[in-house]
Amino acid sequence: MIPNDIKITPELIAQHGLKPDEYERFRKLIGRDPTITELGIVSAMWNEHCSYKSSKKWLKTLPTTGPKVIQGPGENAGVVDIGDGQAVIFKMESHNHPSFIEPYQGAATGVGGILRDVFTMGARPVAALNALRFGSPDHPRTRHLVSGVVAGIGGYGNSFGVPTLGGEVNFHPRYNGNILVNAMAVGLADADKIFYSKAEGVGLPVVYLGAKTGRDGIHGATMASAEFDDKAEEKRPTVQVGDPFTEKCLLEACLELMASGAVIAIQDMGAAGLTCSAVEMGAKGDLGIELDLDKVPCREDGMTAYEMMLSESQERMLMVLRPEKEKEAEAIFRKWGLDFAIVGETTNTLRFVIKHGGEVKADLPIKELGDQAPEYDRPWVAPNAPPVLKADAVPAPNDLKAAILKILSSPDMSSRRWVWEQYDHLIQSNSAQIPGGDAGVLRIEGTPKGLAVSTDVTPRYVEADPYEGGKQAVAECWRNLTAVGADPIAVTDNLNFGNPEKPEIMGTFVRAIEGIGEACRALDFPVVSGNVSLYNETNGQAILPTPAIGGVGLLPDLGKMATLALKAEGEAVLLLGGHGTHLGQSIYLREILGREEGSPPPVDLTREKRHGDLIRSFIRSGQVTAVHDISDGGLASALIEMALASKTLGASIVALDHVALFAEDQARYVVTCPAREAAKIITQAHVKGVDVIRIGMVTDKAGLIVEGAASISLDELRAAHEGWFPAYMGAKAA
Amino acid sequence: MKSAVILFPGINRERDMARALEAVTGHKPAIVWHTETTLPKVDLVAVPGGFSYGDYLRCGAIAARSPIMADIRAKAARGLKVLGVCNGFQIITEAGLLPGALLRNSGLKFVCREVKLKVENTRTFFTNRMKQGDVVRCPVAHGEGNYICDAETLKALEDNGRVVFRYAEGTNPNGAMSDIAGIVNEAGNVIGMMPHPENMIEPLHGNTDCRPLFESLLAA
């Protein structure tokens, strides 16, 4: 019998985030009252963050397989074959709650955690991305949060040495009380040298590697399973502290160790630290694990078993090693100045046994800790789709030029240079497209191939119609990868929503997943990894539903990559996909008319695929000289971004009304080509059933000329586009 | 032209530097771990960029006291060519191979962007393929590149053509005194610079402006 020196009261159970019936379920499972350490362990394993108890039922409906998928969801990250014996390994994960409380460390450790997920599987990280949402710019906390989060992401990624190649930053009052920090990492490995968390073999050493265990981050994962109230600040001690230097050393040591053949199984210590990693390794391998906490390297004296099992100290790994390679493994870790300790062994008992100070502190059935976690089929109601907003109900601007400049300098549409210049986007020497284009592109070292990466979601669309919004997030990501010339191959998703115990939030979640699934199936774009972040609410106010999609695509030949910059004066400007008519939920509607209403643009996935495939063929045949997809802000914004990227050229287009200029209809692109080639492209497209029209030409006279309506110089466009962010953040313009 | 790239824990641009050296010189550089006490026989030692020891103390301060630095210092005194880039510049400055210090950027933020560099001295082992006054594009990626030194040192640097690179056309990213981006020691065999020429040597990088710098090594 395990001595039980702390009485388990209903208050204690509630503090651990367990509902009374969940606790009863656990009690029944073990047939007695748990110890405090056991209560801590189960609270870590059964919280929303680790157990996916509200979302599992729906996540199962997503397409997760495909001819190129080596590993789908369920491991540290997804793995996809990219040919020539190589695999790309990637995942996106949220660190929302900690980043709100302590923006620098919250964001930094979010980056650290996702990098670790990728190199745990044997990959060297080659790119990082992020998707950030902040509250209204005029909310008193926003500036502080932006500043801290951006510095934290840069501080960790720059020091670790991974290029940050893309991301998103949006502002909306609905994030005032809950910001979103979603970090994505992409790594490369040999397809036959992927490492997994499943332990194999009885009586093998369980080895603790990396940094020491401290008291930071205790209950971090539990925090992610509840709403915030006004006392969110008090949760500050649950935020971990990042050490990118140790992580860089850990990366090099792990890759060296993996190359030595010593590693049987490996799992990083992320959420719920030692608990989650040990249970994962044992449960997956049908083995028990016995840990002796006296052997765990600690940063502080007097840590209890409870604290050690729940610490979320960063930069730590758990491995099962081949006993004969132990000495060699230890030497590698010592060389990198890291801790190495044998803290336990695998057993055939299927029990998770924790010893400390000669006493057994926990003795639990290991499989059930994971498998028997509660799983909920939460009640949900499908939200009502708002009516389509007719174009003729949306007035034209009084002054077209002023409207264009206002949109261009709005918080969501302005240049993010202030942000991405704080991220090293060049390290590793393989960056082929840096932030600011449709997708980040990096060379796969030693090959002519490239990887394209992008993160996308339009939360206002998802809010208005979760199903179409879910589809749109996937479609836009697919389109961005297509626009640089890549074959989209797979995605990771990061589903950020409010409290799932509310049927309308759950309904939004369900419908968004259905939309995502539908789009991923139609576009052959399987979901190979992901993360769910629920309870993003403060005082009952939920965030905008934000299912961020992180996509990866493959370019067979970087010599045939497209960029969005206009290339030469006199070239033809073509619009692929026809003129838009949909202004519901558009940036124009919100920024110029102050209205957020109507349905979002519908996504026709067949059309999306047809148009994208055609774009890719034009890029590969070298017929088009610049490509950009049309999204937020419509055709006008797309043209301006192409002009600004060129630095010296602009677009002169025929007379178009505000509907054509600002509509956000999907599956559309702007391309340029030598003028004499335009007719041929239009004909080729028509044969394929795609509408391509010539709308103007590239000019060196101005940034944007709309015949008879507006002429705006490049300098004016640049000032509007580049000005907002630095001015807002109180920095001097670059 | 044989070279060695020194590796301290936390350095992260050693592969970029090694690849640039190999691409231009045709020789794969030796990677030398910081606990070594003797350099292999080479013509050039490159101390690459990164965050040695996390830059948790003053940047470069801990690495400058690593075992390998004694041999680098001794051989540099006898004329061995040393190139320190970014954190490498900070490290060799901390080690006393170059004068001055590198402070936090005046904007207080890490900055990764392309700048313009004016080549002020074409007699060095890293610039002899350039023409005086050439302006090249080159990226920077650092949080602490704000070069400073006392007035006497600055005068010595300026009077003797020891400022090798200067930020040009208003692109000084860090507030460095006199727009100093890179300097050379009195003997002419030790160069330190904040920008990353190793990240701008092939078409993939947008242009090849910095390739002639590495080609200079072949003539030196």
Side-chain angles (χ1 to χ4, degrees), chain A residues 124-125 147 150-151 153-164 242-253 334-338 417-435 441-443 445-446 448 450 558-559 561 563 726 729-732 734, chain B residues 7-20 22-23 31 33-35 48-57 59 62-63 86-87 105-115 138-144 170-171 173 175 195-206 210:
Chain A
R124 181 175 283 278
S147 167
V150 171
I153 289 174
Y156 207 101
N158 298 344
S159 179
F160 178 83
V162 64
T164 299
D243 175 1
F245 167 62
T246 296
E247 178 117 324
K248 166 70 172 162
C249 294
L250 189 61
L251 161 74
E252 300 299 341
R334 297 288 178 220
K335 170 186 156 191
W336 287 98
L338 298 166
R417 185 183 303 276
W418 184 90
V419 174
W420 54 258
E421 280 194 348
Q422 294 185 58
Y423 306 149
D424 193 334
H425 46 264
L426 299 173
I427 189 160
Q428 298 189 7
S429 300
N430 292 318
S431 303
Q433 277 201 47
I434 63 171
V441 180
L442 63 115
R443 168 177 58 193
E445 210 168 306
L558 274 178
M561 173 181 83
T563 63
M729 295 307 296
K732 271 189 289 186
Chain B
L7 186 53
F8 304 91
I11 285 294
N12 60 24
R13 257 186 173 85
E14 77 281 6
R15 289 146 53 93
D16 303 52
M17 178 58 83
R19 189 190 304 146
E22 186 181 354
I31 304 290
W33 186 239
H34 67 116
T35 56
F51 289 74
S52 55
Y53 298 94
D55 281 353
Y56 292 153
L57 195 56
C59 49
I62 301 180
C86 200
N87 199 211
N105 292 350
S106 55
L108 304 181
K109 289 184 178 60
F110 184 96
V111 54
C112 179
R113 76 164 72 114
E114 195 177 294
V115 299
C138 186
V140 296
H142 60 248
E144 304 184 54
T171 61
H196 288 287
E198 73 275 24
N199 285 144
M200 197 152 265
I201 59 159
E202 52 172 322
L204 183 91
H205 300 153
C210 294

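This is a predicted model, so every value here is computed, not measured. Below, chains carry the letters A, B, ... as their sequence lines are ordered, and counting in each starts from 1.
- Both the backbone and the side chain of A:Ala432 come within contact range of chain B, judged by heavy atoms closer than 4.5 Å.
- The most heavy-atom pairs under 4.5 Å with chain B, out of A:Asn158, A:Thr246, A:Val441, come from A:Asn158.
- Contact count against chain B (heavy-atom pairs under 4.5 Å) is highest for A:Trp336 among A:Trp336, A:Trp420, A:Tyr423, A:Phe160.
- Only the side chain of A:Leu558 comes within less than 4.5 Å of a heavy atom of chain B; its backbone N, CA, C and O stay farther away.
- Chosen from A:Gln422, A:His425, A:Glu247, the residue pairing most often with chain B at heavy-atom distances under 4.5 Å is A:Gln422.
- Heavy atoms closer than 4.5 Å to chain A are found in both the backbone and the side chain of B:Tyr53.
- Put simply, the side chain of B:Pro9 reaches to within 4.5 Å of the side chain of A:Phe245, judged on heavy atoms.
- The side-chain heavy atoms of A:Leu426 and B:Cys112, taken from C-beta on, include a pair separated by under 4.5 Å.
- Proximity to chain B (any heavy atom under 4.5 Å) is restricted, for A:Ser431, to the backbone atoms N, CA, C and O.
- In this structure, A:Lys335 and B:Trp33 have side chains that are in contact, with non-hydrogen atoms separated by less than 4.5 Å.
- For the atom pair OG (A:Ser159) and OH (B:Tyr56), the distance works out to 5.5 Å, reported to the nearest 0.5 Å.
- Annotation: the span from B:Arg113 atom CZ to A:Asp424 atom CG amounts to 13.0 Å, rounded to 0.5 Å.
- Interface residue B:Glu202: only side-chain heavy atoms are found under 4.5 Å from chain A.
- With a 4.5 Å cut-off on non-hydrogen atoms, B:Ile11 touches chain A through its backbone but not through its side chain.
- Looking at A:Glu445, only its side chain comes within 4.5 Å of chain B, counting heavy atoms on both sides.
- Formation of a donor-acceptor pair under 3.5 Å by the B:Asp16 side chain with backbone atoms of A:Ile427 is not found in this model.
- Among B:His196, B:Arg19, B:Met200, B:Arg15, the residue making the largest number of heavy-atom pairs under 4.5 Å with chain A is B:Arg19.
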